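Here's the structure we're looking at; comments come further down.
In this chain, numbering begins with 1 at the start of the sequence shown. Just so you know, these numbers come straight off a predicted model, no measurement behind them. No hydrogens, no waters, no symmetry mates; every other heavy atom, side chains included, goes into these values.
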Amino acid sequence: EASRRRMEEHNRLLYVALTRAEDHLLVCGWQTRRALDDACWYRLVERGFDALPAQSADGARRYAVPQLDEPEGPPATDSKPSVAVLPAWHAQPPPAEGLHPVRLAPSRPENAELGPVPAAASPLAARGASNNRFQLGKLVHTLLQHLPDLPASERAGAARAWLERSAVADADELTQEILAILDHPELAPLFDPGSRAEVPLTGVVANSVIGGLVDRLAVLSDRVVIADFKTNRRPPARIEDTPVLYLRQMAAYRSVLQALFPDRPVACALVWTQAARVAMLPDRLLDLHAPIPT
């Protein structure tokens, strides 16, 4: 039984070797001082060809190519080798391909004509300061990601202790700002059990492949809520002054989710971590920046 299995594997590897050739296949031996084993690949291929009909010309043996669809019954007696019959699709041009969707990364738009984004706080300018805003933005982003995993009664203590270990000045004040975001009435579902952080989102909208990472996502029975955290950016004074780049980003995410959940509205929010402010984006504003077919 073991010998039979070894021979099956031996033959299987020969099949793999034969079918790897793209244009030509050369079969040759390498042993020079002793007779070839009858089970070696060279002998197996040789016996296989010996069993095929062939014609000799110019000292070479030429083998017939069998038909793809051989008729039933006894083989033909014609001495001429048969010619392969190509399928009907071989002579037809391939069908035209559809338009390939265009890759769009909503969180990294680079269209200069869409206007500037709020100036970022420089980590170099704040170096050595007791209240480094660049570092604070990263801390707030991290706390908003992980605090929802704790019971509500433990969040304040955990946030304060972590900020103090990070040598943050006014840890109590920053903790209250973070808790205000977690307790924001329109964002509450985003931080409830069942919500998710750092959710990959991909879909095809208006012939564009939209892909990004949503900071917070909650799928409810009556609506879908998403939020994107903007770290180290100064929030605009009015929601109408939200940078177009961010509006396009959130409108693209909304379009993907609307296709996934057509039976419920999608609410979008921007969370400005530097000031711990929440901006709920109205549909009328996002509609102006929704993806359009290219």
Original post:
Is the number of heavy atoms from other residues, nucleotides or ligands within 6.0 Å of CD (E1) greater than 12?
Top reply: yes
Original post:
In Å, rounded to the nearest 0.5 Å, how long is the span from CD1 of I210 to OG of S255?
Top reply: 6.0 Å
**OP:** Rounded to the nearest 0.5 Å, what's the gap from CD on Q249 to CG on L281? Could you check?
**Re:** 10.0 Å
Original post:
Between atom CZ of R196 and atom CG of L190, what is the distance when rounded to the nearest 0.5 Å?
Top reply: 13.0 Å
Subject >> D149 side, atom CG; F191 side, atom CZ - distance, nearest 0.5 Å >> reply: 11.5 Å
Original post:
So do the side chains of Q258 and V224 get within less than 4.5 Å of each other, counting heavy atoms only?
Top reply: no
Original post:
Within the side chain of R216, is there an N or O that forms a donor-acceptor pair under 3.5 Å with the backbone of Q145?
Top reply: yes
**OP:** State, to 0.1 Å, how close L260 and L201 come at their nearest heavy-atom pair, and which atoms those are.
**Re:** CD1-CD1, 4.3 Å
Original post:
Please walk me through it: do V271 and D228 pass side-chain contact (heavy atoms from CB on, under 4.5 Å)?
Top reply: CA-CA 6 Å; V271 179; D228 194 77; over 6 Å; no
**OP:** Taking the side chain as every heavy atom from C-beta outward, state whether V204 and V256 have any atom pair closer than 4.5 Å.
**Re:** no
Original post:
Around F261, counting heavy atoms of other residues, nucleotides and ligands shown, do more than 12 lie under 6.0 Å from its CZ?
Top reply: yes
Original post:
Would you call E240 and R284 a salt bridge, taking side-chain N to carboxylate O under 4.0 Å as the test?
Top reply: yes
Original post:
Considering all heavy atoms of both residues, which atom of L213 and which atom of Y253 are nearest to each other, and what is their separation?
Top reply: N-OH, 3.6 Å
**OP:** Answer yes when R12 and E9 have at least one side-chain N-carboxylate O distance shorter than 4.0 Å, and no when they do not.
**Re:** yes
Original post:
Quick one: CD1 on I178 to CH2 on W162, what's the gap to the nearest 0.5 Å?
Top reply: 8.5 Å
**OP:** For residues R264 and D222, determine if any side-chain heavy atom of one lies less than 4.5 Å from a side-chain heavy atom of the other.
**Re:** no
Subject >> Same apolar cluster: L52 and L25, side chain cutoff 4.5 Å >> reply: yes
Original post:
Going hydrophobic residue to hydrophobic residue with side-chain gaps under 4.5 angstrom, can you get from L44 over to L18?
Top reply: yes
Original post:
Quick one: CD1 on I226 to CG on L187, what's the gap to the nearest 0.5 Å?
Top reply: 11.5 Å
Original post:
Given R47 and D50, is the salt bridge (charged side-chain N to carboxylate O under 4.0 Å, His left out) satisfied, shown in steps?
Top reply: CA-CA 5 Å; R47 289 201 298 271; D50 286 343; over 6 Å; no
Subject >> For P235 against R277, the heavy-atom pair lying closest together >> reply: CG-NH1, 3.6 Å
Original post:
Under a single-linkage definition using a 4.5 Å side-chain heavy-atom cutoff for Ile, Leu, Val, Met, Phe, Trp and Tyr, are L14 and M7 assigned to the same hydrophobic cluster?
Top reply: no
Original post:
Sub-3.5 Å donor-acceptor pair from the side chain of R160 to the main-chain atoms of R155, do we have one?
Top reply: no
Subject >> Closest heavy-atom pair and its distance - L270, M250 >> reply: CD2-CG, 3.8 Å
Original post:
With distance as the sole test, does H289 use its side chain to make a donor-acceptor pair with the main-chain N or O of Y246 at under 3.5 Å?
Top reply: no
Subject >> Pair F49-V27, side-chain contact (heavy atoms from CB on, under 4.5 Å): steps then yes or no >> reply: CA-CA 11 Å; F49 274 102; V27 181; 5.7 Å; no
Subject >> L217 vs L257, side-chain contact (heavy atoms from CB on, under 4.5 Å): CA-CA, chis, key distance, verdict >> reply: CA-CA 10 Å; L217 168 69; L257 290 168; 4.3 Å; yes
**OP:** If the plane angle is over 60° it's perpendicular, under 30° parallel, otherwise tilted; pick one for H141 and F229.
**Re:** perpendicular
Original post:
Could E8 and R5 be called an ion pair, given the rule that one side-chain N must be under 4.0 Å from one carboxylate O?
Top reply: no
Original post:
R6 versus H10: any side-chain heavy-atom pair under 4.5 Å?
Top reply: no
**OP:** Could you tell me whether the side chain of R248 and the main chain of A290 form a donor-acceptor pair under 3.5 Å?
**Re:** no
Original post:
Taking C-beta and beyond as the side chain, do P189 and R223 meet within less than 4.5 Å on heavy atoms?
Top reply: yes
**OP:** Kindly give the heavy-atom pair with the smallest separation between A159 and L147, and that separation in Å.
**Re:** CB-CD1, 3.8 Å
Original post:
Which heavy atom in P282 sits nearest to a heavy atom in I239, and how many Å separate them?
Top reply: CD-CD1, 3.7 Å
Original post:
Got a salt bridge between D215 and K230, using NZ or NE/NH1/NH2 to carboxylate O under 4.0 Å?
Top reply: no
**OP:** Find out if a path of hydrophobic residues (ILVMFWY) with successive side-chain heavy-atom gaps under 4.5 Å connects L288 to L247.
**Re:** no
